[in-house]
Asker: 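Sharing a structure below in structure tokens format, with a few things to ask.
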There are 2 protein chains.
Amino acid sequence: MSTDGFLLPLRLFVGFRQLIDGVHAELAREGHPDVRPLHGFVFQAIGRDGTTAVELGRRLGVSKQAAGKTIDNLERLGYVERATDPYDARRKLVRLTDRGREVLIRSAQIFDELRAEWAAQIGADRLRQLEADLVTVTGAEAFRLDVPGWFG
Amino acid sequence: MSTDGFLLPLRLFVGFRQLIDGVHAELAREGHPDVRPLHGFVFQAIGRDGTTAVELGRRLGVSKQAAGKTIDNLERLGYVERATDPYDARRKLVRLTDRGREVLIRSAQIFDELRAEWAAQIGADRLRQLEADLVTVTGAEAFRLDVPGWFG
DNA sequence: TAAGATGGTCAACGTGGTTGTCCAAAACGT
DNA sequence: ACGTTTTGGACAACCACGTTGACCATCTTA
């Protein structure tokens, strides 16, 4: 039936990667050369309200230690900050700094721009349908962040 | 315009990951539990004719040393074998073993089956259009295999 | 034939993942 | 109220896979 069973997964990945690379190339141009693809998902998982290392690990599908290391790195880069929870002395709240929020906002904007470029090539309605179809076939799958270990 | 700029890349990745995980779950069931997502792409890059470590690295977008390490692993698992090139004593040809070819063939078949499941959900014509649209927007991009290092 | 390019391997290093261990603080149960 | 369990965080050791640098053998080329 199909000409090549590898076409679909390959193109999905290439599309994903082009979008991610496009965002990070632009972020690097705007003064954020150290932000990795991984970090974007972390920023999103932290969100405006902040989280803890354990909760972050849960959301991303990695161990709390791995989440802690990533937080260490982002803290060193100035994108997140830790604060003690006044209601629970065990917890350390992880929140985005202004710099971190800036990256989160810019990322969304750049993704929108890249999406618009796609829309210009295949048409806005076709792109909407592509997104809708992907949602249909993939369902409500949680995002797993253990990509490095998962792939290799 | 778009509700969420993160939707598109996220769904592309989730779709990719579901296909890959589906194939490797089935491969594991069929006696190949040690084959990683990475390896499928390596098998494809080696192809029927075989290659060398340098050429493999070039195709996959990684260093020749990294390609060599991956070959070491696959050789240990019995999926590829090295042979000296009779016309060039420097080169070592890497070829798939019967076991390796089996995985390559089965992978393509399972991908086709998963693709058929997608087609059953959104319709064969819509899936064909989705693929065609992805090809249009992504262009003739070479696959890069440096995923672990790239992502994190 | 000497100089350069090419293919392969070894070694050292970095990052991000894992598990195991331990401690402090909160929650729970009698 | 107090002892026990659970929870959040950090430290350490280890593994996988990527990188660069160096080195040697072999082929190509001027």
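Below, chains carry the letters A, B, ... as their sequence lines are ordered, and counting in each starts from 1. Values below: every heavy atom of this structure, side chains too, minus hydrogens, waters and symmetry copies.
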Asker: Atom CG of A:D146 and atom P of C:dT19: how far apart are they, to the nearest Å?
Answerer: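 Whole-Å distance recorded here is 11 Å.
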
Asker: NA contact type, A:S63, heavy-atom cut-off 4.0 Å: base, sugar-phosphate, or nothing?
Answerer: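 Base, at least one base atom sits under 4.0 Å.
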
Asker: Mind checking B:D88 for me? I need base, sugar-phosphate or nothing, with any heavy atom below 4.0 Å counting as a touch.
Answerer: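 Sugar-phosphate, backbone atoms only, no base.
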
Asker: Atom CG of A:D72 to atom C1' of D:dG8: distance rounded to whole Å?
Answerer: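 Going from CG in A:D72 over to C1' in D:dG8 covers 14 Å.
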
Asker: Report yes if at least one side-chain N or O of A:N73 is closer than 4.0 Å to OP1 or OP2 of C:dG16; otherwise report no.
Answerer: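 Checking C:dG16 against A:N73, a side-chain N or O does come within under 4.0 Å of OP1 or OP2.
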
Asker: OP1 or OP2 of C:dT6 sitting under 4.0 Å from any side-chain N/O of B:R58?
Answerer: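 Checking B:R58 against C:dT6: no side-chain N or O falls below 4.0 Å of OP1 or OP2.
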
Asker: Strictly by modelled atom types, are B:W150 and A:D21 linked by a side-chain donor-acceptor pair under 3.5 Å?
Answerer: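 Looking only at side-chain atoms, A:D21 and B:W150 do form a donor-acceptor pair, the distance falling under 3.5 Å.
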
Asker: What contact category does B:A66 fall into here, base, sugar-phosphate, or nothing, at under 4.0 angstrom with non-hydrogen atoms?
Answerer: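 Touches a base.
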
Asker: Regarding B:V147, tell me which of base, sugar-phosphate or nothing describes its non-hydrogen contacts under 4.0 Å with the strands shown.
Answerer: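 Touches nothing.
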
Asker: Specify the separation, in whole Å, of atom CZ of B:R59 and atom P of C:dG7.
Answerer: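 In whole Å, C:dG7 P and B:R59 CZ are 13 Å from each other.
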
Asker: B:T97 side chain to B:Y79 main-chain N or O, any donor-acceptor pair under 3.5 Å?
Answerer: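 Here the side-chain-to-backbone pair exists.
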
Asker: Let me know, please, whether A:T70 or B:K69 comes out on the 5' side of the other along DNA chain C by nearest nucleotide.
Answerer: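 So the residue in question is B:K69.
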
Asker: Using whole Å, what does the distance between atom P of nucleotide C:dA27 and atom OH of A:Y87 come to?
Answerer: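 Rounded to whole Å, this separation is 13 Å.
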
Asker: Is the phosphate of D:dT6 approached by A:R91 (side-chain N or O, under 4.0 Å from OP1 or OP2)?
Answerer: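 No, because none of the side-chain N or O atoms of A:R91 sits under 4.0 Å from OP1 or OP2 of D:dT6.
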
Asker: In whole Å, what is the span from the CD1 atom of B:I71 to the P atom of C:dC10?
Answerer: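 Computing the B:I71:CD1 to C:dC10:P distance gives 13 Å.
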
Asker: State, with a plain yes or no, whether a side-chain heavy atom of B:F111 is found less than 4.5 Å away from one of A:L7.
Answerer: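 No - every pair of side-chain heavy atoms lies 4.5 Å or more apart.
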
Asker: Return yes if the base of C:dG20 and the side-chain atoms of A:Q65 contain a donor-acceptor N/O pair under 3.5 Å, otherwise no.
Answerer: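 Counting by modelled atom types and ignoring angles, a donor-acceptor contact under 3.5 Å is found here.
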
Asker: Report the nucleotide, chosen from C:dG17, D:dT26, C:dA24, that has the shortest atom-to-atom distance to any side-chain atom of B:A89.
Answerer: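 Ranking C:dG17, D:dT26, C:dA24 by closest atom to the B:A89 side chain puts D:dT26 first.
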
Asker: Which whole-number value in Å describes the distance from B:L56 CG to D:dC17 P?
Answerer: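 Distance check: B:L56 CG to D:dC17 P gives 14 Å.
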
Asker: Under 4.0 Å between any heavy atoms, over every strand shown, what does B:R36 touch: base, sugar-phosphate, or nothing? Just pick one.
Answerer: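 It contacts nothing in the nucleic acid.
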
Asker: Please report, rounded to the nearest Å, how far the P atom of D:dG18 is from the CG atom of B:L60.
Answerer: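 One finds 9 Å between P of D:dG18 and CG of B:L60, rounded.
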
Asker: Taking all non-hydrogen atoms of both residues, which atom of A:P37 and which atom of A:I20 are closest, and how far apart?
Answerer: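 Of all heavy-atom pairs spanning A:P37 and A:I20, the closest is CB-CG2, 3.6 Å.
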
Asker: Nearest whole Å is fine: how far is C:dG17 C1' from A:K64 NZ?
Answerer: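 These atoms are roughly 16 Å apart.
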
Asker: From the list C:dG16, C:dG8, C:dA24, which nucleotide is the closest neighbour of the side chain of B:A53?
Answerer: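 Among the listed nucleotides, the one closest to the side chain of B:A53 is C:dG8.
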
Asker: Using atom types as modelled and distance alone, determine if a side-chain donor or acceptor of A:R95 lies under 3.5 Å from a backbone N or O of A:R48.
Answerer: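 No, because the side chain of A:R95 does not come within donor-acceptor range (under 3.5 Å) of the backbone of A:R48.
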
Asker: Considering only C:dT18, C:dT9, C:dG7, which nucleotide approaches the side chain of B:K92 most closely?
Answerer: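 Of the options given, the side chain of B:K92 lies nearest C:dT9.
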
Asker: The side chain of B:R90 is closest to which nucleotide in this list: D:dG18, C:dG7, D:dT6?
Answerer: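 Among the listed nucleotides, the one closest to the side chain of B:R90 is C:dG7.
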
Asker: Let me know which of A:E102, A:R106, A:H39 forms a side-chain hydrogen bond (donor to acceptor under 3.5 Å, both in side chains) with A:H32.
Answerer: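 When side-chain hydrogen bond (donor to acceptor under 3.5 Å, both in side chains) is applied between A:H32 and each of A:E102, A:R106, A:H39, only A:E102 qualifies.
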
